[in-house]
Amino acid sequence: MKIATFNINGINRRLPNLMAWLAEAAPDIVCLQELKATDKQFPASALADAGYEAVWKGEASWNGVAILVRDSTPVLTRDALPGAGDDHQARYIEAACNGVIVGCLYAPNGNPRPGPKFDYKLAWTQRLVEHALELWSSDLPVVLAGDFNIVPEPRDIYETTSYKDNALVQPESRALYQQLLDQGWADAIRCKHPEATVYTFWDYRRNRWQRNAGLRLDHLLLSGSLAGKLKQAGVDKFVRGADGASDHAPVWVRLR
DNA sequence: ATGTCCAGTGGAACTGGA
């Protein structure tokens, strides 16, 4: 079983890119982020034609998350993190898919820092950490996949000082990601590529794609039972080089 | 501060968010 996560950065304007990648990569389950579409605008019928059923949580202009499953029906388990209160940003969706609980997330970017956006990033990610502990404690097979908007370690970003004040690399942000690892979750890319330089995002600005000035922001975290089944993990980097590409590339795992 | 890409607004350019 192949499970992928892809920050699509606007599902409708990048639908041809998404369709081409689905046809080539043939993932069984896909977590999508930054739909930038309302529930009504979600291209459910085009995806159904490609063989994917979906659950989604849209929002006008920003955010938005979805889970696609090939030749099977995802069963929605929640469409927001617990304790959301009056937070209506569409950043989390969860479904049972072929016997696996899939949590698809789009964490807040948090810039500029310091400020209310950084405070929101930390508070939202803290709620994610709390929900992750619930899921871990359930002993179910779970994957938490998405754009965490955290560069876990210095080696997960190209050599630069221009990000030193950026929310993505701050100690407070990294400490929250480390809390997830401390719960026991396996960072699939690091399990399979412990020494490699791996990026999943390249900013549109300043020729960062051409210079391979990337960041690793998109992660797949596996619960204990799924980590034992991890066969391979990778980044479909070629997707980032296509015309009209998202600024992120898909990341995937293959499980036994 | 910069840079790049968009949609939204509103009816041309500016704005915000990433």
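In what follows, chains carry the letters A, B, and so on, assigned in the order in which the sequence lines appear, proteins first and then strands, with residues in each chain numbered from 1.
Protein atom CG of A:N12 is 20 Å distant from nucleotide atom P of B:dC5, rounded to whole Å. B:dT4 atom P lies 10 Å from atom CG of A:D203, rounded to whole Å. Whole-Å rounding puts the A:R211 CZ to B:dG3 P distance at 14 Å. If you take CG of A:N207 and C1' of B:dG3, they are 10 Å apart, rounded to a whole angstrom.
Look at B:dA18: its Watson-Crick or wobble partner, with both distances under 3.5 angstrom, is B:dT4. Judged by Watson-Crick or G-U wobble contacts below 3.5 Å, the nucleotide B:dG10 has no partner.
Side-chain proximity of A:W62 to the nucleotides B:dG16, B:dA18, B:dT4 is greatest for B:dG16. For A:R13, the side-chain atoms get nearest to B:dC6 when compared with the rest of B:dC6, B:dG3, B:dG17.
A heavy-atom distance below 4.5 Å is not found between the side chains of A:S72 and A:E53. Two residues are said to be in side-chain contact when any heavy atoms from C-beta on lie closer than 4.5 Å; A:Q126 and A:Q179 meet this criterion.
Proximity of A:K36 to the phosphate of B:dA7: no side-chain N or O atom is located under 4.0 Å from OP1 or OP2. Phosphate proximity of B:dC6 to A:R14: present, with a side-chain N or O under 4.0 Å from OP1 or OP2.
Note: A:Y158 and A:Y199 fail the aromatic proximity criterion, with ring centroids not under 6.0 Å apart.
For the residue pair A:T38/A:Q41, the side-chain donor-acceptor check at 3.5 Å is satisfied.
Counting non-hydrogen atoms under 4.0 angstrom, A:F201 reaches nothing in the nucleic acid.
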